[in-house]
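Scroll down for the structure; my scribbles are underneath it.
Sequence lines set the chain letters: A, B, ... in the order given, protein chains first and strands last, and positions in each chain run from 1.
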Amino acid sequence: MAYSKERYTMQYNFNEIEAKWQKYWAKNETFKASQNSKKEKFYVLDMFPYPSGAGLHVGHPLGYIASDIYARYKRHKGFNVLHPQGYDSFGLPAEQYAIQTGQHPAITTAKNIETYRRQLDQIGFSFDWSREIRTSDPSYYKWTQWIFIQLFNSWYNKDTDKAEAIDTLIAKFSSDGNASVNAVCDDDVVAFSADEWHAFSSKEQQTILLKYRLTYLAESEVNWCPALGTVLANDEIVNGVSERGGHAVIRKKMTQWSMRISAYAQRLLDGLEKIDWPQPLKDSQTNWIGRSQGAEVIFPILAFPKGEGTRPGYLTGGNNSHVLLERAKEMRNNPTQAEDILWQSLKSKNIGYKFRRQHVIGNYIVDFVCLTKKLIIEVDGGIHDAQKEEDTIRTAALNELGYEVLRFRNEQVIGDIDAVLKEILQSLEKIVVPPSGARGISVFTTRPDTIFGVSFMTLAPEHELVTQITTPEQKKAVESYIEATAKRSERDRMADVKTITGVFTGAYAEHPFTKEPIPIWIGDYVLAGYGTGAVMSVPCGDQRDYDFAKHFGIPIPNIFEGVDISEEAFTDKEKTIITNSDFLNGLPYKKALKTAIYELEKIGQGKGKINYRLRDAVFSRQRYWGEPFPVYYVDGMPQMIAPEHLPIKLPEVEKYLPTETGEPPLGNATTWAWCTEKNEVVPNSEINHTCTFPLELNTMPGWAGSSQYFNRYMDPQNEAEIFSQEAINYWQDVDLYIGGSEHATGHLLYSRFWQKFMFDRGFVPKDEFAKKLINQGMITGTSAFVYRNEDTGELTSKGLIKGLKVTPLHVDVSLVNSSDELDIETFKKTRPEFKDAEFILEDGKYIVGREVEKMSKSKYNVVNPDDIVKEYGADSLRLYEMFLGPLEQSKPWNTAGITGVHGFLKKLWRLYFNDNGSKVTDTVPSAENLKTLHKTIKKVEEDIANFSFNTSVSTFMICVNELTAQKCTSKDILEPLAILVSPYAPHIAEELWEKLGHSESIATVAFPTFEPKYLVESSKEYPISFNGKMRFKMELPADLPKEAIEAAVMAHEKTKEQLQGRTPKKVIVVPGKIVNIVG
RNA sequence: GCAGGGAUGGCGAAAUGGUAAACGCAGCUGGUUUAGAACCAGUACGCUGAGAGUUCGAAUCUCUCUCCCUGUACCA
C-alpha cells in the first residue's frame, strides 16, 4: 500500500500542481512589477477584455498566452516586466441586460468580472493583479473625465502643429483678434478684431471658443439607431446596420460632443512609419484616414432661373438708410419721364425678373434694382455728364457691394425702349449670383489636370444648393428623384452600385477657364458626406463619370493624347499626356496638375488642397452605462467642473431607457444637477440657474475608457494625478501590445490620437503609445453535423449521404471523439427531439461531418477552457494553443490534438521522475546531452524573438524525445530545461524546479545561455544531388576543404553509378551544405 | 473594384535559395497492463494551387493566371 501511495505522488498530477503554484504566485505577488527598479523596464500589454456574460471560450486566451510567454521570458532575461490586466467594463450588453431585467449594470458587470478572473487565474497568467483597473470604476473614470477636460481646454495650433492650452488662444484673441490665428476649427468662424473680441458678451466668446476646442459641442448629423436609442460611431456600423444587433441606422441632426481628431489626421498618418505594427493594420488606418491630395475648385453658377434663386434681404441699405428711405419715397413719387417709361416695362416681373425702384443700397439710392441678380439700372439725365467722376466712384462702391451697374441715358430709354430692355435682359441672363454667400459650387478633385475635360457637374441629392438652383421645369423631376434616393437606405445604395440614376437640375455652372456653361446634374453616386458633396465630372478620366455621361447622353470630350476612350475612361495617371486643354496641352499628369492649380489660384477660383476622409469623432452616447461628462450647462453653454471635484459619479436611475421626452437615460436621474457653491451633485429640484445648473445627460462612448488605460496601469492607485511623472518617465510606453485586428480603426486610432494630444500637452514623453503590436488570429470552431434524411427522417452517417436529400444539423462538438464518431447515446439524451431517431451507421459507427465556423453558442461548437483545464491542465492548454499554428493566423480549434502536448508534458515529467521518485543525478552530461540542450536554447530564443511559439513547442518535444532516448538524468541538463519550458508551461516548471531543490520561484531565474561550442560537429552528412535531385548521403569531415570534398564525392561508387560513365559538366560544392553534380 | 494576407500529406503544420513534410493529431500493426483507458515499439500515405522565368539547385525570388481569407469602398 505504501508503494502505491508513493507511486501516486510521483505521477504528473497537474491539477494539484497548478492549484498549488497559482496560490503561491498570488500569495507571494511573484509578478508584481517594481515601481523603482534599477532593472531595465519592459511593458507587455494585452487588450483588456470586455467582461461579457458568456465568459471565456478557448479563443480568448490565445493572445494572453502569447503575451504571458513573452513577459515570463523577459523576466528570465532580467527585465522589470509590467504585465497588467483589467476590464473594459462599460458597455452596451450590460446596459441591455439591465433594461431587460432591471438589474443594475454594475452588479452584472461585477459578476462577469468574477467569472473572468477565475477563468484567467486557472490558466496561470503572470499578471500583476495589484494594478487591475476597471473602466467603470469611479476611481478610474475620474481620469477619463480629467482627460476630457484637458481636451476641452485645448486648441490645435497649425503653426506649431500641436495642441496648446486654450489660454494661449484667448490671449491671441484679446491682442490681435483671430485673423492671425492658424487653427484647426469649425468652418463657419468669422473674422473679428481684438476690439470686437472684447466687445463680445461672455456667451459669444464661449460660442467662438467652442469652435476651436479639441472637444466641442456641435450640431451634427449623426448615425442614430432608433432600436438601441443611441448614436453610433462610423466604426460601429457594419453594412448600414448597427454592429451590435444589426438594427437599422438613420441620419439625424443632434447636438453632440465631438472630438477634433481631424486635427491629427496627418500626424496619425506620419506616426505609422515609426511603429512596428502589422502592415494590414497600418493599411486600414491609412485607408480610414483617407488622405487625398488635389484641389478645391469653384465653379460659378450661371443663369439662375427667372424669378427663382435665393431671396436676398430686402433691406440693403447702409448706416444712413433711415434718412435715405425718406428721400427714396419722395423720388418714387416723382419719377422722371424716362424712369417712368422704364418702370412700366420692369414692374410686376414684366420681363421675368423682380425689380424695385428707388431702392436704398449702401449709401446710395439707385433707380432700379433686381435684387436676385444684383443688377442695378441707372437712368441718367444731362446732369451726369458733369459728374462723371462722381458716378465712377458710385459705380465702384456698388460693385464693391456685389452689384453690377448698367447705365442708360434718358434719350435711350425714351427713344428705343426695346433695345434697352434687350440689353437689360441679356445682362440678367449672363449674371451669376452666388447663392447665400457662396460664390459658386465648390468641388474637391484629385485631378485638377483634367479640368478641361469637365462636361457636367454632379451634386449629391442632399447638397444644399440643389433646391436653390433647380429650374421650374426641372423642379418636379428633381424633387421626385430626391425623394426616391432618400427612401433608399444606405445599404440599398451600396448594394446597387451598378444602376445609374440622376437628374438634370436645369442650371448651369461656368467653366473657370473656357467660360463655357456646364450643366449641373444631381446623382446619388456623389456622396454628401465626402469632400464638398459635389464633383466636377470628367467622363473621359473617371469611370463613374463616364458611365453617368454614357447613360444620359452627355458629351465625353477627350483630353488625353493618343488614348481611345470609346469604351471606357482613361485613368492611368502615369501615362497621361493632356491635350485639348489650352495651357495644359502636352503636359504629363504631374506638371499639368501643378499648372492647373497655379492657374486656378491666379484667377481666385481654386487652390491646392489635401482632403481627409477622417471625420471628427462623435463623443456623446445616449446611454446609461458609460462615463458621465464632467459638464454642466449655464445659459446653454457647457461648463467644465474643476478637476479637483472629480469624479462625477454615475447617478442612480429608475430605469435605463430614454425618458418619455426622448432624453438620454440620465434624464431619469433625480439627483443630477451641479451646485457651484457646494461643488457637488445635488437634486434636480435645486436647479435655479444662478448657482445650481443641470448636468450633461449624455455619457461617453465605449472607446473613452480604453484610449489611455495603458498609461494608467503605470500608476493605477494614484489619486492625485493620472500617473506620476516618475512612473510615466520610467515606463514610457508599451513595448509589446497584443490583441485582435478588429480594433484597427476604433480603439487603436483613438488611442493614438489621445496619446498625441497627451504628448503635445506635455503629460507623456512618447507620442506613440505602443512600439510593437501583434494581432493574434482568431480561433474558429470546428462544428460537427449529423445529416437528417429529408424523406425518412433517419440520421445518416456522413459516408452514406451521397445521393440522399439530407439536411445537416449542428451537434455539440463535445459528443464527437477525435475520429469524428458520434456518441449516439449521449446525443439522444441531450437532444430529446432525437430520442427515437433511427441512425444509419457505417462500420457500426456514426461519422459526423465537420466544418470550420466562428465559435458561437448557436453552432454548438464553443469549447470552454474550464473543461480543458480540468481534463488536461492549464499547461497543456497553454502549450496546445501555441502549438496550433502561427500566432497571427486564424485557425480552427480541434480538442483532439491536445493529447499530443499533454503526452509531451507527461514525458517531460518522466525525465525527472520514475515510480520511485527523482531520477535526477549529478552525472556529468554527455556531449550528446549538451548538444540537445543548446540546440533547444538557440531555437527557443529565436522563436520567441519571432513570436513563433508553435515551433518552439515542437522544439521542446524534440528535445524531450532526444533526452529520453539518451536516458539523460543529469541535473546540469534538466535544470536549464525546466527554465526553458517555464514561460510556456509555468506550473510544471515551478514544480520541477522545487523538486530539484530550489526554494525560490523559477520566475526570475536567469535564462540559460546558449553556447555555440556544443553544437560544433566533427563531421557532416552531405546530401549528394545530381541535377538538383538528392540521390544519396555521404559522411565527411566537417572541416574538409572544397577540393577534397569534390574528390571524395567523385571517387564514391554511387557517384559513378549515377553518372553511368558520363563526365559531369560541373560540380557545385557548398562546404557545410550540399554537393550538386550537373551533367 | 481597391488594399493586405494566403494556397504544402486525411488534419494542424515545419522548412524563407541547398536532403520537402520536422513536431503533433488521426490511420494501420504489434506489445503490456486494463473498469474506462493509458503507455510502449513499429509503420504506410504524400512531391508544395496552375503555368512560365531566373538559378548548378526554387515551397522559398520574378512574372502571368486560378481559387480562398481579411479589411474597405460609388472617396471624386
Side-chain angles (χ1 to χ4, degrees), chain A residues 238 278-288 290-292 294 443-448 450 457-458 460 493-494 496-500 523-527 529-538 541-545 547-548 611-613 741-742 744-745 775 777-778 780 782 817-820 850 852 879-880 883-886 888-904 906-907 910 948 950-961 1021-1033 1064-1070 1072-1079:
Chain A
V238 178
Q279 195 55 43
L281 198 154
K282 287 187 184 182
D283 289 344
S284 49
Q285 291 209 347
T286 306
N287 285 335
W288 193 260
R291 181 188 203 265
S292 45
V443 301
F444 175 75
T445 177
T446 54
R447 299 292 304 273
T450 63
M457 303 194 62
T458 317
R493 223 162 125 168
M494 277 195 293
D496 190 18
V497 170
K498 298 261 148 54
T499 318
I500 294 157
D524 68 358
Y525 81 96
V526 177
L527 304 175
Y530 183 78
T532 60
V535 299
M536 58 175 229
S537 302
V538 184
D542 183 285
Q543 194 57 43
R544 291 158 303 174
D545 295 344
D547 295 340
F548 195 88
N611 197 48
Y612 296 95
R613 201 185 80 109
S741 56
E742 67 273 21
T745 52
N775 290 132
M778 195 173 48
T780 45
T782 312
N817 72 6
S818 52
S819 313
D820 292 348
R850 290 287 204 174
V852 172
L879 282 177
Y880 187 54
F883 188 64
L884 278 176
E888 305 199 34
Q889 193 175 301
S890 122
K891 54 224 158 208
W893 179 267
N894 187 351
T895 307
I898 200 167
T899 54
V901 292
H902 187 64
F904 155 74
K906 287 201 258 189
K907 215 165 166 182
R910 280 199 306 276
S948 175
N950 54 328
T951 50
S952 34
V953 176
S954 304
T955 305
F956 288 136
M957 289 173 170
I958 296 166
C959 175
V960 168
N961 288 345
E1021 194 179 39
Y1022 277 92
I1024 313 300
S1025 51
F1026 292 79
N1027 297 319
K1029 297 261 182 291
M1030 203 277 290
R1031 294 300 178 201
F1032 65 92
K1033 289 177 195 170
K1065 285 199 197 105
K1066 210 171 177 184
V1067 179
I1068 311 283
V1069 178
V1070 185
K1073 284 209 162 153
I1074 201 168
V1075 177
N1076 190 18
I1077 297 162
V1078 189

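- You'll find that the side chain of A:Thr445 is closest to B:A76, out of B:A76, B:C56, B:C25.
- Using modelled atom types, no side-chain atom of A:Ser284 and backbone atom of A:Ala744 make a donor-acceptor pair closer than 3.5 Å.
- For A:Asn961 and B:G24, the shortest distance from a side-chain N or O to OP1 or OP2 is below 4.0 Å.
- Side chain of A:Asn1076 to backbone of A:Gly1028: a donor-acceptor contact under 3.5 angstrom is found.
- Checked against B:C23, B:A13, B:C56, the side chain of A:Phe883 finds its nearest nucleotide in B:C23.
- Stem analysis of RNA chain B (Watson-Crick or G-U pairs, both distances under 3.5 Å, runs of at least three) returns B:1-7 with B:66-72, B:10-12 with B:23-25, B:27-33 with B:37-43, B:49-53 with B:61-65.
- Note on A:Val1070: a base of the nucleic acid sits closer than 4.0 angstrom, heavy atoms only.
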Step-by-step side-chain hydrogen bond (donor to acceptor under 3.5 Å, both in side chains) determination, A:Ser948 to A:Thr951: CA-CA 6 Å; A:Ser948 175; A:Thr951 50; 2.6 Å; yes
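- For the pair A:Lys907 (side chain) and A:Met957 (backbone), a donor-acceptor distance under 3.5 Å is absent.
- You'll find that the side chain of A:Ser954 is closest to B:A22, out of B:C75, B:A22, B:C74.
- Atom pair A:Leu527:CG and B:C74:P shows a separation of 5 Å (rounding to whole Å applied).
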Shorter than 3.5 Å, N or O on both sides, protein versus nucleotides 33-44 of chain B: list them out with atom names.
residue : atom : partner  : partner atom : Å
B:A38   : O3'  : A:Lys906 : NZ           : 3.4
B:C39   : OP1  : A:Lys906 : NZ           : 3.3
B:C40   : OP1  : A:Arg910 : NH2          : 3.3

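- Between B:U62 and B:U16, the distance separating the two C1' atoms is 15 Å to the nearest Å.
- Of the candidates B:G18, B:C74, B:G12, B:G12 carries the atom nearest the A:Pro892 side chain, counting heavy atoms from C-beta on.
- The residue A:Pro886 sits close only to the backbone: its heavy atoms come under 4.0 Å of sugar-phosphate atoms, none of a base.
- Look at A:Gln889 and you'll find a side-chain N or O under 4.0 angstrom from OP1 or OP2 of B:A13.
- Of the C1' atoms belonging to B:G17 and B:A59, the separation is 11 Å, rounded to the nearest Å.
- Between the P atoms of B:A35 and B:A22, the separation comes to 37 Å (whole Å).
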A:Tyr525 and A:Asp545: CA distance, side-chain angles, deciding distance, side-chain hydrogen bond (donor to acceptor under 3.5 Å, both in side chains) verdict: CA-CA 9 Å; A:Tyr525 81 96; A:Asp545 295 344; 2.7 Å; yes
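- Looking only at atom types and distance, the side chain of A:Thr899 has no donor-acceptor partner in the side chain of A:Tyr880 under 3.5 Å away.
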Full working for side-chain hydrogen bond (donor to acceptor under 3.5 Å, both in side chains) between A:Thr286 and A:Trp288: CA-CA 5 Å; A:Thr286 306; A:Trp288 193 260; over 6 Å; no
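- Of the listed nucleotides (B:A76, B:C23, B:C25), B:C25 has the atom at the smallest distance from the side chain of A:Ala896.
- Among the nucleotides B:A20, B:A13, B:G18, the one closest to any side-chain atom of A:Met1030 is B:A20.
- At a threshold of 4.0 angstrom between heavy atoms, the contacts of A:Asn287 with the nucleic acid are absent.
- Between the C1' atom of B:A22 and the CZ atom of A:Phe956 lies a distance of 16 Å, rounded to the nearest Å.
- The CE atom of A:Met957 sits 17 Å away from the P atom of B:G12 (whole-angstrom rounding).
- Across the protein-nucleic acid pair, A:Glu888 atom CD and B:G4 atom P stand 17 Å apart, rounded to whole Å.
- Between the C1' atoms of B:U32 and B:A58, the separation comes to 48 Å (whole Å).
- Counting to the nearest Å, the C1' atom of B:C23 and the OH atom of A:Tyr880 are 13 Å from each other.
- Note that the NZ atom of A:Lys1066 and the CD1 atom of A:Ile1077 stand 13.5 Å from one another [nearest 0.5 Å].
- For the pair A:Ile1074 and A:Tyr1022, the minimum side-chain heavy-atom distance is 4.5 Å or more.
- Within the model, atoms CZ of A:Arg291 and CZ of A:Arg613 stand 15.5 Å from one another, a figure rounded to the nearest 0.5 Å.
- On the P atoms, B:C61 is 31 Å away from B:C25, given to the nearest whole Å.
- Rounding to the nearest 0.5 Å gives a distance of 12.5 Å between CZ of A:Phe883 and NZ of A:Lys891.
- The separation between A:Ile958 atom CD1 and B:G24 atom P is 8 Å, rounded to whole Å.
- A:Asp545 comes within 4.0 angstrom of no nucleic acid atom, judged by non-hydrogen atoms across all strands.
- The P atoms of B:G46 and B:G42 are separated by 22 Å, rounded to the nearest whole Å.
- Within 4.0 Å of A:Gln543, counting heavy atoms only, lies no atom of the nucleic acid at all.
- Picking from B:G24, B:G71, B:A76 the nucleotide with the shortest atom distance to the side chain of A:Ser284 gives B:G71.
- Contact check for A:Asn950 versus A:Leu884: no side-chain heavy atoms found under the 4.5 Å cut-off.
- Spacing between B:A76 and B:A15 at atom P, rounded to whole Å, works out to 40 Å.
- Checking the phosphate oxygens (OP1, OP2) of B:C56, a side-chain nitrogen or oxygen of A:Lys1066 falls inside 4.0 Å.
- Proximity note for A:Arg613 (side chain, C-beta onward) versus B:U19, B:A73, B:C74: the nearest is B:A73.
- Not one side-chain nitrogen or oxygen of A:Asn950 sits closer than 4.0 Å to the OP1 or OP2 atom of B:C23.
- Among the heavy atoms of the strands, none lies under 4.0 Å from A:Asn611.
- Nucleotide B:G53 carries an anti base; the chi torsion (O4'-C1'-N9-C4 or O4'-C1'-N1-C2) is more than 90° from 0.
- B:C11 sits 13 Å from B:C45 when the C1' atoms are compared, rounded to a whole Å.
- Among B:G4, B:U19, B:A76, the nucleotide with an atom closest to any side-chain atom of A:Asp283 is B:G4.
- Relative to the side chain of A:Leu884, the nucleotides B:G12, B:A14, B:U19 differ in distance, and B:G12 lies closest.
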What verdict does the side-chain hydrogen bond (donor to acceptor under 3.5 Å, both in side chains) test give for A:Thr458 and A:Ser537, after you've listed the backbone C-alpha separation in whole Å, the side-chain angles of each residue and the deciding distance to 0.1 Å? CA-CA 7 Å; A:Thr458 317; A:Ser537 302; 2.9 Å; yes
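- Following rounding to the nearest Å, A:Arg1031 (CZ) and B:G57 (C1') show an atom-to-atom distance of 13 Å.
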